Amino acid sequence: MIALTADSRMLGYGSLLAFSPVISHFVTTRRGGCSRGTYASFNCSPYCGDEAEHVLCNQQLLSEGMPRRPKEFVIPRQVHGAVCRLIDAGYTACSEAEKKVLLEGADALITREPGCCLCVSTADCVPVLLYDAGKRAVAAIHAGWRGAVSGVVSQTFDDMRKNFTTMAEDVRACIGPAISVDAFEVGDEVYEAFREQRFDMKRIAVRHRETGKWHIDLWEAVRLQLLGCGIPETHIELAGICTYRQHERFFSARRLGVESGRILSGIMLNE
């Protein structure tokens, strides 16, 4: 990944920077914020237990670091499902209270509204950003193992196709920092959940020789879903960063506990 700021507070993808006149995007690290403890220091998510004033301070720093300031950060309260919300003119006309209701229970967002920065919060789960260069539409996806099994990636692409007539060959997809297969030990029930949904288990699952436990490759599970949508392999960028191994740079719930900060991944059509 590429540093977007001198202090490496925000990182980005080379494949999306090529479209920087049209879009802005970012992936936050833990550095350069004002939060404390397990939220230290650059937590921008309002849903993980951090103090509200610290979150607002960090979001202001985030906005100031972007080449184009967003009208708003659109951050859903995620539930590890496959619900995708369309952020359109109807949404932007809503009150803050109404927006909060609309964002409840969504794990993916899509839009063609300029200035609306779509965001997802992760701390070991997989963040995915999509840009449709043909129709100028963007998406942000939160794909944990439950979301991947539920098909959140393909659901989001289907919603883009229905709402924007998105074509797969026009999409650039970026798979962000998340837990790696080496670190992601799971129970048999998780393995079975993927197998029942007909994932290629030879591609995404490895049994540890010493422990006998299954490990799941969430990066590959998401990549296979993107390929299944028809997105060209050359249009998919993988960060290759393990949040568990690099927990000093990125938030990791398995390392820090659930009550800790979150990585924020965002993408926006510039006004």
Side-chain angles (χ1 to χ4, degrees), residues 4 10 12-13 15-28 44-47 55-56 58-60 62-79 81-122 127-143 152-168 170-174 176 226 229 231 235 263-271:
L4 299 180
M10 296 156 59
Y13 302 98
S15 58
L16 294 183
L17 283 177
F19 301 96
S20 57
V22 181
I23 63 171
S24 297
H25 80 287
F26 60 80
V27 177
T28 63
C44 296
S45 172
Y47 301 125
V55 174
L56 290 174
N58 289 335
Q59 288 182 357
Q60 180 63 30
L62 176 61
S63 178
E64 291 171 356
M66 295 178 66
R68 306 283 184 89
R69 291 199 182 189
K71 290 189 294 188
E72 64 176 303
F73 292 111
V74 185
I75 309 175
R77 184 185 286 272
Q78 301 155 184
V79 294
V83 172
C84 177
R85 290 275 189 265
L86 171 64
I87 305 302
D88 57 8
Y91 169 88
T92 60
C94 288
S95 67
E96 291 303 312
E98 290 169 330
K99 288 179 179 179
K100 188 174 182 179
V101 172
L102 289 171
L103 294 174
E104 185 72 32
D107 281 87
L109 305 170
I110 61 174
T111 195
R112 291 186 66 192
E113 291 294 315
C116 290
C117 187
L118 306 186
C119 302
V120 288
S121 310
T122 59
V128 184
L129 300 180
L130 304 181
Y131 173 53
D132 174 0
K135 301 301 187 300
R136 293 196 173 185
V138 295
I141 306 169
H142 162 250
V152 66
V153 174
S154 55
Q155 180 62 56
T156 303
F157 177 77
D158 285 346
D159 284 356
M160 292 182 75
R161 187 174 53 187
K162 292 173 185 175
N163 286 280
F164 313 135
T165 65
T166 291
M167 294 186 290
D170 291 332
V171 174
R172 269 62 176 181
C174 296
L226 292 167
C229 293
I231 298 171
H235 287 189
I263 300 163
L264 201 69
S265 297
I267 188 166
M268 175 183 77
L269 292 167
N270 293 330
E271 291 190 277

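Position 1 is the first residue of the sequence; numbering continues from there. Quick caveat, the model's predicted, so the values are computed rather than measured. Hydrogens, waters and symmetry mates play no part in the numbers below; they use all other heavy atoms, side chains included.
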Is the closest side-chain heavy-atom distance between [X] and [Y] below 4.5 Å?
X: Thr156; Y: Val152; result: yes
X: Ser20; Y: Pro67; result: no
X: Leu130; Y: Ile267; result: no
X: Pro127; Y: Val27; result: no
X: Ile75; Y: Gln59; result: yes
X: Tyr91; Y: Thr111; result: no
X: Asp170; Y: Phe164; result: no

For residues [X] and [Y], report the shortest heavy-atom separation together with the two atoms involved.
X: Ala133; Y: Arg172; value: CB-NH1, 4.4 Å
X: Leu129; Y: Gly266; value: CD1-O, 3.6 Å
X: Met66; Y: Ser24; value: CE-CB, 4.0 Å
X: Ala139; Y: Met160; value: CB-SD, 3.7 Å
X: Gln155; Y: Ala82; value: CG-O, 3.4 Å
X: Pro76; Y: Cys119; value: CD-O, 3.0 Å

Rounded to the nearest 0.5 Å, how far does [atom2] of [Y] lie from [atom1] of [X]?
X: Arg69; Y: Leu62; atom1: CZ; atom2: CG; result: 10.5 Å
X: Arg68; Y: Asn270; atom1: CZ; atom2: CG; result: 4.5 Å
X: Ser265; Y: Leu118; atom1: OG; atom2: CG; result: 12.0 Å
X: Leu109; Y: Leu102; atom1: CG; atom2: CG; result: 11.0 Å
X: Met167; Y: Ile231; atom1: CE; atom2: CD1; result: 13.0 Å
X: Leu17; Y: Leu4; atom1: CG; atom2: CG; result: 6.0 Å

What's the verdict on side chain to side chain contact (heavy atoms under 4.5 Å, CB included) for Val74 and Leu103, showing C-alpha distance, side-chain angles and the deciding distance?
-> CA-CA 8 Å; Val74 185; Leu103 294 174; 3.7 Å; yes
Main chain of [Y], side chain of [X]: is a donor-acceptor contact present, judged purely on distance under 3.5 Å?
X: Gln78; Y: Val120; result: no
X: Asp159; Y: Val83; result: no
X: His235; Y: Val171; result: yes
X: Thr28; Y: Leu264; result: yes
X: Ser63; Y: Gln60; result: no

Step by step, work out the side chain to side chain contact (heavy atoms under 4.5 Å, CB included) result for Cys116 and Thr92.
-> CA-CA 9 Å; Cys116 290; Thr92 60; 3.7 Å; yes
Please walk me through it: do Val138 and Ile110 pass side chain to side chain contact (heavy atoms under 4.5 Å, CB included)?
-> CA-CA 6 Å; Val138 295; Ile110 61 174; over 6 Å; no
For Tyr131, which residues count as a ring-ring contact (aromatic ring centres under 6.0 Å, His included) partner, sequence neighbours excluded?
->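 Once residues adjacent in sequence are excluded, the partners of Tyr131 under the ring-ring contact (aromatic ring centres under 6.0 Å, His included) criterion are Phe19.
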How would you list, by chain and number, every residue that makes a ring-ring contact (aromatic ring centres under 6.0 Å, His included) with Phe157, sequence neighbours excluded?
->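 Partners of Phe157 by the ring-ring contact (aromatic ring centres under 6.0 Å, His included) criterion come out as none, since no residue qualifies.
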Check whether more than 12 heavy atoms from other residues, nucleotides or ligands sit under 6.0 Å from atom CZ of Arg112, and answer yes or no.
->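 Yes, the 6.0 Å shell around CZ holds more than 12 heavy atoms from other groups.
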What do you reckon, is NZ of Lys100 surrounded by more than 12 foreign heavy atoms closer than 6.0 Å?
->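 Counting other residues, nucleotides and ligands, NZ of Lys100 stays at 12 neighbours or fewer.
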Geometric class of the His25/Tyr13 ring pair [parallel <30°, tilted 30-60°, perpendicular >60°] =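 Rings of Tyr13 and His25: parallel, as their planes differ by under 30°.
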Check the side chains of Glu98 and Ser95 for a donor-acceptor pair under 3.5 angstrom, ignoring hydrogens and angles.
->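 Ser95 vs Glu98: donor-acceptor pair found between side chains.
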Does the side chain to side chain contact (heavy atoms under 4.5 Å, CB included) test come out yes or no for Glu113 and Leu269, once each step is laid out?
-> CA-CA 7 Å; Glu113 291 294 315; Leu269 292 167; over 6 Å; no
Set of residues satisfying salt bridge (Lys or Arg N to Asp or Glu O under 4.0 Å) with respect to Arg77, sequence neighbours excluded =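 Only Glu104 meet the salt bridge (Lys or Arg N to Asp or Glu O under 4.0 Å) criterion with Arg77.
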